[in-house]
> 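Handing you a structure now.
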Amino acid sequence: LKLVVLISGTGSNLRSLLEASRDAEFPARVVAIGADRDADGLALGEEFGIPTFTVPFTAFPDRDAWGAELIDQVRLWEPDLVILSGLMRLVPPAVVDAFSPALINTHPAYLPEFPGAHGVRDALAAGVDQTGASLIVVDNSVDGGPIIAQERIPVLPGDTESSLHDRIKPVERRLMIQAVLDIANSHLDLKELAR
Ligand code: GRF
């Protein structure tokens, strides 16, 4: 299974996927890493010997123009699955149309709770005693697509945004790796899920 992973930040979740794919038995390969900015995580391309590309959002007149270039750049790698792993950008409809349902996103909350760019902060602010991690198919909503997998995670007294996020990320990584395995082994059909 050929994967293209898109990031905006440190790419720690991507790192876990790259480490998993070092196992020759792992039925998926990250063939390229893309970003919408000069993301620290692009350094993983150097470390793991994987091509990277950047489509800087700020270099385009609008979201649709950015999306059109992103589609071209991603298509070059002929991925079987595109994973948004900390891409902090809403993709335009053309990107959804081009790749979904083979376009999935990991989110650090128990969707539909706390969608959007600050799921961890919002859960803390809401004072809930549990949140979660979710893996979804990307559609044209904000984190409202079909849920592939999700898991509850406790919010502990004294949690900060970063301590809570650090507890969520390992779960995101596990859900993402399991979903890639299930898709590669045909135990999960995204077309079926997204019908
Ligand atoms: C992840 O929790 C992801 O769900 C959220 O931002 C975080 C990205 O972290 N959108 P990293 O770049 O993988 O370290």
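In listed order, ligands and their atoms are each counted from 1. What's counted below: heavy atoms across the whole structure, side chains too, no hydrogens, waters or symmetry copies. Keep in mind it's a predicted model, so treat the numbers as computed, not measured.
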> Just wondering, do Arg195 and Pro101 contact through their side chains at under 4.5 Å, heavy atoms?
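Of all side-chain heavy-atom pairs linking Arg195 with Pro101, none is under 4.5 Å.
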> Got the residues with a heavy atom under 4.0 Å of ligand 1, by chain and number?
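Protein residues near ligand 1 are Gly9, Thr10, Gly11, Ser12, Asn13, Gly86, Met88, Thr106, His107, Pro108, His165, Lys169, Glu172.
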> Considering only heavy atoms from C-beta outward, does the side chain of Leu124 approach that of Arg121 to under 4.5 Å?
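Result no, sub-4.5 Å side-chain heavy-atom pair not found.
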> State which residue, out of Thr106, Leu103, Ile148, Leu111, fulfils the side-chain contact (heavy atoms from CB on, under 4.5 Å) condition with Ile136.
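Exactly one pass, corresponding to Leu111.
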> Hey, does Leu17 have a side-chain heavy atom less than 4.5 Å from the side chain of Leu3?
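In contact.
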> Are more than 12 heavy atoms, taken from residues, nucleotides or ligands other than Glu47, located less than 6.0 Å from that residue's CD atom?
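Count over threshold, so yes.
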> Is there side-chain contact between Val74 and Phe53, with at least one heavy-atom pair below 4.5 Å?
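Val74 vs Phe53: side chains touch.
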